[in-house]
Amino acid sequence: MATVEYISHKGLGLGITIYLLGTALVGKWYIHDGQWHDLQSVLCSLYVTQSNVAYAANAPLFNCTVVIDEWCNYSVGLEPELTLAFVAEKDVSQVDTWNQQRSEKLRVHTLALEQQQQETEATASDEGQVFDRVAVGGTFDHIHAGHKILLTMTALLASKSIVVGVTDDSMLKSKKHREYIASTQERIANVIEFLGTVRRGLVYDVVPISDPFGPTITDPSIQALVVSLETEKGGEAVNRERLLRDFPKLELRMIDVISSDNASVSGQDLGALKISSTWIREYIARQQQK
C-alpha cells in the first residue's frame, strides 16, 4: 500500500487528506463482504494514528480525511484547495502528472518509507454480497474519526445510492453542551461534504430523522444497514418493524473496530482516545471559557 498525503486549507481550519494509492484491498469500484473487516481496520489504524498525533500537538480538532484512490471516482490530486503533497519516492511521478494539469502546482515533500510487501487481493470466493442501496444513521455532530469510518464504509458498500438519517434537533434536547451542537441542516451539509470527498458518483439521500428508524422502515428499496457496536440492537429493531410492513429484511453490517466503549487496533487499547462528539463539545466549551 502506498500513501500520498495532502495538506489543505478548508474554511478557517487546517486539514489533511490521506490519499491511498494501489491498495491491495481493491477489486472493483465497490467493496464486498470479504473485504469489509480488513478495510475498516485500515481506516481505523490511519484515523487513530492521526488522532494520537493531533492530541499530542494539542490540536484535537485538526481535520483528517482518508480517501481511497480506486473508489473515490475522482482525482484527488486535481482538487484546487490542495497545496502541499507528502509522498513516497515511488509516487513522485504521480504528483508530477497532476501538476501538469493544475493551474497552481502542488509543493512536494518526499518521504522515506519502509517498503512493505503488498497483500494478496481478495479472490472471487471472498466477494459475498453487493448492495445497490445502503443506509446508516447518526447525529453526526462535529464529524470525527468514528463518523468518518462509519460513513466511508457505508459509501463503499453501496453500488448505487445510500441513505443517511441525521438525528433532528428535536431529539437532542438532553445532550450535554447542546449549545455547541450544530443545527440539523449544518450537520446534513457536513455529511454531504464528507461523502463528496470520499466517494463520488453515488446518489446521496441525506435526510433529517425525528425517530430511531427514519427511512429504514418506509423505504423498501434499502437492502443493508450499517451499524456500530452500540447500535446493533437498533438494527435488529428496524428489521422487526420492516417485517410488520412486509418489507425485505435488511442485511446488517457492523463497524466493529472502534466504539466509544471498546476500541482496539492490533491489540492496542484506544479507550484513552477521545473520539466522540461529547468530548469535542466539552473541549470547545473549555476553550470558550479561557
Side-chain angles (χ1 to χ4, degrees), residues 1-5 16-51 64-74 76 88 116-136 138 140 143-162 164 191 194-202 204 223-232 235 250-259 262-268 270 273 275:
M1 177 183 299
T3 66
V4 182
E5 301 182 355
I16 186 169
T17 298
I18 301 179
Y19 186 30
L20 300 187
L21 295 170
T23 163
L25 293 171
V26 171
K28 298 183 180 180
W29 62 280
Y30 44 78
I31 63 172
H32 298 286
D33 282 353
Q35 301 164 307
W36 179 258
H37 186 78
D38 287 344
L39 181 56
Q40 61 174 300
S41 294
V42 169
L43 289 173
C44 188
S45 295
L46 289 168
Y47 278 120
V48 165
T49 299
Q50 180 274 324
S51 296
C64 172
T65 298
V66 178
V67 178
I68 301 173
D69 173 45
E70 290 87 344
W71 283 318
C72 67
N73 290 329
Y74 69 99
V76 171
Q116 295 184 347
Q117 186 134 23
Q118 198 175 56
E119 298 175 14
T120 305
E121 284 192 25
T123 62
S125 61
D126 293 326
E127 289 189 353
Q129 291 180 270
V130 176
F131 305 102
D132 289 342
R133 188 162 171 83
V134 181
V136 70
F140 300 112
I143 292 179
H144 54 66
H147 294 142
K148 291 178 178 181
I149 295 170
L150 190 68
L151 289 168
T152 300
M153 294 300 296
T154 302
L156 297 184
L157 186 62
S159 64
K160 294 182 179 179
S161 66
I162 72 169
V164 183
V191 168
F194 177 78
L195 291 173
T197 300
V198 296
R199 178 90 183 273
R200 296 177 188 172
L202 294 179
Y204 293 126
Q223 298 171 310
L225 176 65
V226 177
V227 298
S228 64
L229 289 169
E230 290 89 350
T231 62
E232 182 183 14
L250 296 181
E251 292 290 333
L252 301 183
R253 293 295 178 268
M254 184 186 296
I255 301 297
D256 56 5
V257 294
I258 189 166
S259 75
N262 180 25
S264 65
V265 175
S266 300
Q268 179 187 0
L270 304 179
L273 269 182
I275 301 178

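Only this structure's heavy atoms are used, side chains among them; waters, hydrogens and symmetry mates stay out. In this text, all values refer to a predicted model and were calculated from it rather than measured experimentally.
- Annotation: side chain of Leu157 is in contact with side chain of Val226 (closest heavy-atom distance under 4.5 Å).
- Between Ile149 and Ile255 the shortest side-chain heavy-atom distance falls below 4.5 Å.
- For the pair Gln223 (side chain) and Asp132 (backbone), a donor-acceptor distance under 3.5 Å is present.
- Put simply, the side chain of Thr231 never gets that close to the backbone of Val227: no donor and acceptor are under 3.5 Å apart.
- Taking both residues in full, the closest heavy atoms of Tyr204 and Ala155 are given as OH-CB, 4.3 Å, listed atom of the first, atom of the second, then distance.
- From Ser51, atom OG reaches atom CG of Leu46 across 10.5 Å, with rounding to the nearest 0.5 Å.
- Looking at Arg199, its side chain does come within 3.5 Å of a backbone N or O of Trp71 through a donor-acceptor pair.
- For the atom pair CG of Leu150 and CG of Leu43, the computed distance is 11.5 Å after rounding to the nearest 0.5 Å.
- Of the inter-residue distances, the one linking Leu202 atom CG with Leu195 atom CG reads 8.5 Å to the nearest 0.5 angstrom.
- With sequence neighbours excluded, the residues forming a side chain to side chain contact (heavy atoms under 4.5 Å, CB included) with Gln50 are Ala54, Phe62, Cys64, listed by chain and number.
- Here the shortest heavy-atom pairing between Leu156 and Leu39 reads CD1-CD2, 3.5 Å.
- Taking CD1 of Ile68 as the reference point, atom OG1 of Thr152 lies at 7.5 Å (rounded to 0.5 Å).
- Distance alone, capped at 3.5 Å, is enough to place a donor-acceptor pair between the Gln40 side chain and the Met254 backbone.
- The distance from the NZ atom of Lys148 to the OH atom of Tyr47 is 5.0 Å, given to the nearest 0.5 Å.
- Tyr19 and Cys72 make their closest contact through CE1-SG, 4.5 Å (heavy atoms, listed as atom of the first residue, atom of the second, distance).
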(request) Check the pair Val76, Asp69 against side chain to side chain contact (heavy atoms under 4.5 Å, CB included), reporting the backbone distance first and the verdict last. (result) CA-CA 8 Å; Val76 171; Asp69 173 45; over 6 Å; no
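- Atom CZ of residue Phe131 and atom CD1 of residue Ile162 lie 14.5 Å apart, to the nearest 0.5 angstrom.
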